[in-house]
Enquirer: 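Can you read through this structure? Questions will come right after.
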Amino acid sequence: MTTETPTDVFEAHRPVLLGVAYRMLGRVADAEDVVQETWLRWSGSDRAAVREPRGYLVRITTRLAIDRLRQIKARGETYVGPWLPEPYVTDFGDTVPDTAERAVLADSVSLAVLVVLESLSPLERAVFVLREAFGFPYADIATMLDRGEPAVRQLAARARKHVEERRPRYEVDPAERRDLTERFLVAAAGGDLEGLMALLAPEVRLVGDSGGKSQAPLRILQTADKVGRFLVGVAQKSLPGLSVRFLELNGGPAALILSEGRPDSVFQVDVADGRIQSVYIIRNPDKLRFLTAF
C-alpha cells in the first residue's frame, strides 16, 4: 500500500517537468507557469486511472508548453537586440549520477543550443527536447503529442539535423572552463587588453542581451579585437558595490555580477582549444530577477 499523496507524486517529478518546460520555452517564468498549470490539472484529474504518473505529467507539461510557445510566436514579439534564454540554475547534484547523462542534460540546456532551438517549430522543439534531453522512446512521445510514431521520427530527424548544423561544438573540461572564465573576468575588469587577446579566439563572438533595458551591444560583436576593445571600454565604467559570484548556469560555470547586492549581469563563455570562442552577457533585468536568491 502506498502512502504517497498527489502532492508527493507531483513534487517527485517537478524537476523533470520544469526541465522540459524551460527547454521548450527558454523562459523561467513561463516554465514555472506551465508547471503550475500542470499541477492544477494533476490535482483535478482521475489519478486512479493514471498508470504511469511521470509520462502523464510530462505529456501535460509538453502540451501546455507547446500552446504557450505558439502564443508567443503568434504575437510576433519583437525584442531589442540579440536574444538569449533566461539564466537557469543547473546544479544536478546527486539526482543525475551518470556522467554521460549529466553531459546530455547540460548540453541540452546550454545557451548556444537553446538559441538554436528558438528556430524550430513548437512540435519539432518538443520532440527534440523529449528525445534528446530526456531519452523518451518515440512511441511514448507519439502518445504525448497525439501523433503517429513515423511522424514523430520525421520530426526528430528534422530537428536533430537542424540543431547539429547550427550548434557550436565545444567540448572542454568544466575545470578548464571555470579557470578561463576567472582569468577572463580578471583581465576584463582590469581593462587588460593584452591579457584578453591572449584568451580570446581570433573569431570570438560576443552576444549581449539587454532587451533594450540596460546597456549592451545591439549587435553581435565578432573578432578578438572588437570584443576585447568593447570589454576594456566597459571596464572603465565601474559599478557601485561590485561583487562576483560563480554559479552553474545552463550546464556550465558562469559569473553573476552584482551591484550593491543586486544582480547586474551574467557572464558565461564557451571554450575550445584553450581559447574563448563565445562570450554571453545577459543584462536584461527581467531575466536576472530569479537569481536574487543565489
Side-chain angles (χ1 to χ4, degrees), residues 10 13-42 45 50-79 82-86 88 90 101 103-169 250-251 287:
F10 185 84
H13 298 295
R14 179 185 287 274
V16 170
L17 304 181
L18 189 58
V20 169
Y22 175 77
R23 286 166 175 81
M24 283 289 299
L25 299 165
R27 300 163 174 84
V28 175
D30 284 348
E32 291 184 338
D33 286 348
V34 162
V35 172
Q36 179 61 23
E37 178 63 24
T38 301
W39 158 250
L40 293 175
R41 297 195 181 194
W42 167 250
S45 68
V50 177
R51 289 181 296 177
E52 211 283 286
R54 183 174 186 262
Y56 178 83
L57 290 168
V58 169
R59 181 179 67 184
I60 295 174
T61 298
T62 302
R63 291 186 176 186
L64 289 171
I66 288 172
D67 290 343
R68 180 69 63 98
L69 199 55
R70 284 172 172 161
Q71 291 167 8
I72 292 169
K73 289 181 179 291
R75 286 198 300 265
E77 294 181 347
T78 56
Y79 197 80
W83 178 91
L84 289 170
E86 290 184 29
Y88 182 65
T90 50
E101 185 179 352
V104 169
L105 284 171
D107 181 62
S108 70
V109 82
S110 70
L111 296 180
V113 167
L114 288 175
V115 168
V116 175
L117 293 187
E118 280 290 296
S119 59
L120 296 177
S121 72
L123 275 177
E124 287 172 340
R125 189 164 181 168
V127 171
F128 183 88
V129 167
L130 294 173
R131 179 65 183 173
E132 301 298 322
F134 293 94
F136 281 98
Y138 288 113
D140 290 358
I141 298 172
T143 299
M144 291 176 187
L145 301 181
D146 196 21
R147 293 289 191 279
E149 187 173 337
V152 166
R153 287 180 179 273
Q154 281 190 333
L155 286 166
R158 191 159 62 237
R160 190 182 305 112
K161 182 175 184 293
H162 181 90
V163 173
E164 291 298 323
E165 288 175 348
R166 290 163 178 79
R167 78 198 297 178
R169 288 250 170 234
N250 295 86
K287 295 185 176 184

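Just the heavy atoms: all of them, side chains too, but no hydrogens, waters or symmetry mates, feed the values below.
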Enquirer: What salt bridge (charged side-chain N to carboxylate O under 4.0 Å, His left out) pairs are there with at least one residue in residues 54-63, not counting sequence neighbours?
Expert: none
Enquirer: Grab the two heavy atoms, one from A31 and one from L18, that are nearest each other, plus how far apart they are.
Expert: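 Looks like CB-CD1, 3.9 Å.
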Enquirer: Looking at every heavy atom in both R70 and P122, which two are closest together, and how far apart are they?
Expert: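 For R70 versus P122, the nearest heavy atoms are CG-CG, 3.7 Å.
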Enquirer: With a 4.5 Å cut-off on side-chain heavy atoms, are V35 and W39 touching?
Expert: no
Enquirer: Can you tell if the side chain of V113 reaches within under 4.5 Å of the side chain of L117, non-hydrogen atoms only?
Expert: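 Yes, close enough: below the 4.5 Å cut-off.
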Enquirer: Has the side chain of E86 got a donor or acceptor atom that lies under 3.5 Å from a matching backbone atom of K287?
Expert: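 Flag not set: sc E86 to bb K287 has no pair under 3.5 Å.
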Enquirer: Compare every heavy atom of A126 with every heavy atom of M24, then report the nearest pair and how far apart it is.
Expert: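 What the structure gives for the nearest pair is SD-CA, 3.3 Å.
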Enquirer: What do the steps show when you test H162 against R158 for side chain to side chain donor-acceptor pair (under 3.5 Å), and what is the final call?
Expert: CA-CA 6 Å; H162 181 90; R158 191 159 62 237; over 6 Å; no
Enquirer: Supply the atom-to-atom distance I66 CD1 to S121 OG, rounded to the nearest 0.5 angstrom.
Expert: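 If we round to the nearest 0.5 Å, I66:CD1 and S121:OG are 9.0 Å apart.
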Enquirer: Quick check: does any side chain N or O of N250 sit under 3.5 Å from a backbone N or O of V109, one acting as donor and the other as acceptor?
Expert: yes
Enquirer: Just by modelled atom types, is the A133 backbone N or O under 3.5 Å from a matching donor or acceptor in the S108 side chain?
Expert: no
Enquirer: Working to the nearest 0.5 Å, report the span between CD of E37 and CG of D67.
Expert: 10.0 Å
Enquirer: For the atom pair CE (M144) and CD1 (I60), what is the distance rounded to the nearest 0.5 Å?
Expert: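 Result: 11.0 Å between the selected atoms.
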Enquirer: Just so I know, are the side chains of V34 and V20 near enough to count as touching, which here means a heavy-atom distance under 4.5 Å?
Expert: no
Enquirer: Going by heavy atoms in the side chains, are F134 and R23 under 4.5 Å from each other?
Expert: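 Sidechains of R23 and F134: in contact.
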Enquirer: Name all residues meeting the ring pair (Phe, Tyr, Trp, His ring centres under 6.0 Å) criterion together with Y88; count only those two or more places apart in sequence or in a different chain, and write none if there are none.
Expert: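 Y22.
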Enquirer: Does R131 count as lying over the ring of Y138, i.e. NZ or CZ under 6.0 Å from the six-ring centre, within 45 degrees of the axis?
Expert: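 Yes, R131 and Y138 form such a contact.
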Enquirer: Please lay out, stage by stage, how R41 and L64 fare under the test side chain to side chain contact (heavy atoms under 4.5 Å, CB included).
Expert: CA-CA 11 Å; R41 297 195 181 194; L64 289 171; 3.5 Å; yes
Enquirer: Could you walk me through whether E164 and R160 satisfy the salt bridge (Lys or Arg N to Asp or Glu O under 4.0 Å) test, starting with their C-alpha distance in whole Å, then the side-chain angles of each, then the deciding distance to 0.1 Å, before giving a yes or no?
Expert: CA-CA 6 Å; E164 291 298 323; R160 190 182 305 112; over 6 Å; no
Enquirer: Say you draw a straight line from OG1 of T61 to CD of Q36; how long is it, rounded to the nearest 0.5 Å?
Expert: 11.5 Å
Enquirer: Any chance you could measure L114, atom CG, to L25, atom CG, to the nearest 0.5 Å?
Expert: 10.5 Å
Enquirer: Would you name the heavy atoms of F128 and A159 that are closest together and state the gap between them?
Expert: CB-CB, 4.0 Å
Enquirer: Would you indicate whether the side-chain heavy atoms of D30 and I72 approach each other to under 4.5 Å?
Expert: yes
Enquirer: Any idea which heavy atoms bring P85 and V115 closest together, and the distance?
Expert: CD-CG2, 4.1 Å
Enquirer: Find out whether P53 and W42 are in side-chain contact, i.e. whether some heavy atom of one side chain is under 4.5 Å from a heavy atom of the other.
Expert: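 Yes. Closest side-chain heavy atoms under 4.5 Å.
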Enquirer: Does any part of the side chain of F10, heavy atoms only, come nearer than 4.5 Å to the side chain of L17, both counted from C-beta?
Expert: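 L17 reaches F10 side chain to side chain.
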Enquirer: Once salt bridge (charged side-chain N to carboxylate O under 4.0 Å, His left out) is applied, do any residues pair with E118, and if so which ones, sequence neighbours excluded?
Expert: R125
Enquirer: Between OG1 of T143 and CD of E149, what distance do you get to the nearest 0.5 Å?
Expert: 8.5 Å
